[in-house]
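First comes the structure, then the notes that go with it.
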Number of protein chains: 2
Amino acid sequence: MSTTELTNWQSVHDEVLRRIHTREWKPGQQIPKEVELASELGCARATVNRALRELATAGFLDRRRKAGTRVTLHPVRKAKLDIPVIRLEIEGRGQRYGYSLISAERAAPPHDICGRLGVLPDADMLHVTSLHLADGKPYMFENRWVAIAAAPSIADADLSIISANEWLVLHAPYTHGEMAFSAIAASNSEAEMLGAAPHAPLFLIERTTWENDHGITYARLVFAPGHRVQSVI
Amino acid sequence: MSTTELTNWQSVHDEVLRRIHTREWKPGQQIPKEVELASELGCARATVNRALRELATAGFLDRRRKAGTRVTLHPVRKAKLDIPVIRLEIEGRGQRYGYSLISAERAAPPHDICGRLGVLPDADMLHVTSLHLADGKPYMFENRWVAIAAAPSIADADLSIISANEWLVLHAPYTHGEMAFSAIAASNSEAEMLGAAPHAPLFLIERTTWENDHGITYARLVFAPGHRVQSVI
DNA sequence: CAGTGGTCTAGACCACCAG
DNA sequence: TGGTGGTCTAGACCACTGC
């Protein structure tokens, strides 16, 4: 079938993807085992393994010991979304980044924040609101709660110079987190700050991060009208 | 340092992540080379390589030949987002899936669709609108354009039984695509169909897919009020 | 139980690129 | 141009799981 030998994992990867795509191997169908493919293509089993493993992670193949490898029936495509620091996101568009702190004060967390982060109602927390600008125009309004216990030195940080977002990235790495996208109607204050009409549809990102099941921060990011988040599939 | 030997790539992965996280290895700092780590941890270089490669893909490490491996300065976290077929998305929540075709007719594509998909204005296209239901309630309104040239047999499909979404997944796999999220105000027709107030903020997903730089379909998916897309970081 | 994928190893060669 | 990561190989043992 193949006149030339495929001796690197990328070409094996591409060849297998081609066979899936051309329906030579149909959804649900079992494909040759690693040893067979290796001998057919003229390479080591480890090479085939590497290629098939990547395809399995990408959702094209289902692999199970003893049962073999099959083409996924309902491929669940995975979108990959890069999440840079806001400043870099804006600068990456070739725009000038601006930032202005609105408020920063210690306060007891509201009930819903406690639930999200898993902290006690009497926890010592920092409540920060700020506005991020692109080319001088409002870009995003940030409303954030930080558990001081998880990042004590933030109490000494000058958040009028560095955004809480960026400070946390530098000083309080998280082990895992959640992100949620939705659409909301602008509140009066949000509308005013972002230069939007009251009740205008705004894009909202909520982000919660933990350090080993220890809540660090919850951020509510409201974007100016027209904001789009793009992703490659 | 480590009393026990780490002989599998996952433990090496975790150990390296631990050192990054505890600031034993600081952002920007160069970490030991593969051979050194391998001998320190008591495993083969390939094992270390596997672990470091995964960490680099995840955005924690920057690796370059000759320059060595460094802890990423501004880690760009990657959100992973699963994109199942709508039916499975709804059933996955334990809800009953419903579907109703609203319209399906051949038509010349509007100008903006031509641009997005890269097809000619006189291309033969199928315009499909439909409503997806969860537990009998409106869940998402789908407005889709399909290039018939890219999937000829869709002309024969009975789209009142199987959604265009699902038909395409089964019969016209794509090689790559784009997805964009945003917030819009409900149009009158959208509001009526989704049971929302006029001008209510709605969540919009636009999805465009290609097969080797050959446009297949553009879909505009408007979700019922309150829709959230969640993702793990 | 036996077959398949998952992984580890030791060694080798190569590609890239910083110095 | 030499050092570092990227990859391939042949062989081995193991873990899971369908039969």
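Labels below follow one simple rule: chain letters A, B, ... track the order of the sequence lines, proteins then strands, and each chain is numbered from 1. Atom set for the values below is all heavy atoms of this structure, side chains included, hydrogens, waters and symmetry mates excluded.
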Legend entry - A:Ala46 vs A:Gly68, nearer the 5' end of DNA chain C by closest nucleotide: A:Gly68

Legend entry - Separation of D:dT4 P from B:Lys33 NZ (nearest whole Å): 3 Å

Inset, instruction - Identify, between A:Thr7 and B:Val35, the residue whose nearest nucleotide on DNA chain D lies closer to the 5' end. - result: B:Val35

Legend entry - Any A:Asn49 side-chain nitrogen or oxygen under 4.0 Å from OP1 or OP2 of C:dG5: no

Legend entry - Below 4.0 Å: OP1/OP2 of D:dT7 and any side-chain N or O of A:Thr47: no

Inset, instruction - Would you mind reading off the distance between A:Glu34 atom CD and D:dG11 atom P, rounded to a whole angstrom? - result: 16 Å

Legend entry - Rounded interatomic separation in angstrom, taking CG from A:Leu41 and P from D:dC8: 12 Å

Inset, instruction - Looking only at non-hydrogen atoms, find the nearest pair between B:Arg144 and B:Ala164 and report the distance. - result: CD-CB, 3.8 Å

Legend entry - Between C1' of D:dT4 and CG of B:Asp62, the distance in whole Å: 15 Å

Inset, instruction - Tell me whether the OP1 or OP2 atom of D:dT4 has a side-chain N or O from B:Thr69 closer than 4.0 Å. - result: no

Legend entry - Over 12 non-hydrogen atoms of neighbours within 6.0 angstrom of CZ in A:Arg23: yes

Legend entry - Euclidean distance, atom CD of residue A:Gln30 to atom C1' of C:dG3 [Å, nearest integer]: 11 Å

Inset, instruction - May I ask you to verify if any side-chain N or O of A:Arg65 is less than 4.0 angstrom from the OP1 or OP2 atom of D:dG18? - result: no

Inset, instruction - May I ask you to decide if the ring planes of B:Phe223 and B:His227 are parallel, tilted or perpendicular, using 30° and 60° as cut-offs? - result: parallel

Legend entry - Rounded interatomic separation in angstrom, taking CG from A:Asn8 and P from C:dC14: 14 Å

Inset, instruction - Taking only the side-chain nitrogens and oxygens of B:Arg64, find out if one of them lies under 4.0 Å from OP1 or OP2 of C:dC16. - result: no

Inset, instruction - Please report, rounded to the nearest Å, how far the C1' atom of D:dG6 is from the CD atom of B:Glu54. - result: 15 Å

Inset, instruction - Would you tell me if any nitrogen or oxygen in the side chain of B:Lys66 comes within less than 4.0 Å of OP1 or OP2 on C:dC16? - result: no

Legend entry - B:Ser153-B:Asp156 side chain donor-acceptor pair, cut-off 3.5 Å: no

Inset, instruction - Would you indicate whether the side-chain heavy atoms of B:Thr47 and B:Leu6 approach each other to under 4.5 Å? - result: no

Inset, instruction - Rounded off to whole Å, could you give me the CG-to-P distance for the B:Leu37 and C:dT9 pair? - result: 14 Å

Inset, instruction - May I ask you to verify if any side-chain N or O of B:Arg63 is less than 4.0 angstrom from the OP1 or OP2 atom of D:dG6? - result: yes

Inset, instruction - Looking at every strand, decide which applies to A:Ala67 at a 4.0 Å heavy-atom threshold: base, sugar-phosphate, or nothing. - result: sugar-phosphate

Inset, instruction - Would you indicate which nucleotide in D:dT9, C:dC8, D:dT7 comes nearest to any side-chain atom of B:Trp9? - result: C:dC8

Inset, instruction - Just call it for B:Arg45: base, sugar-phosphate, or nothing, with non-hydrogen atoms closer than 4.0 Å on any strand. - result: base

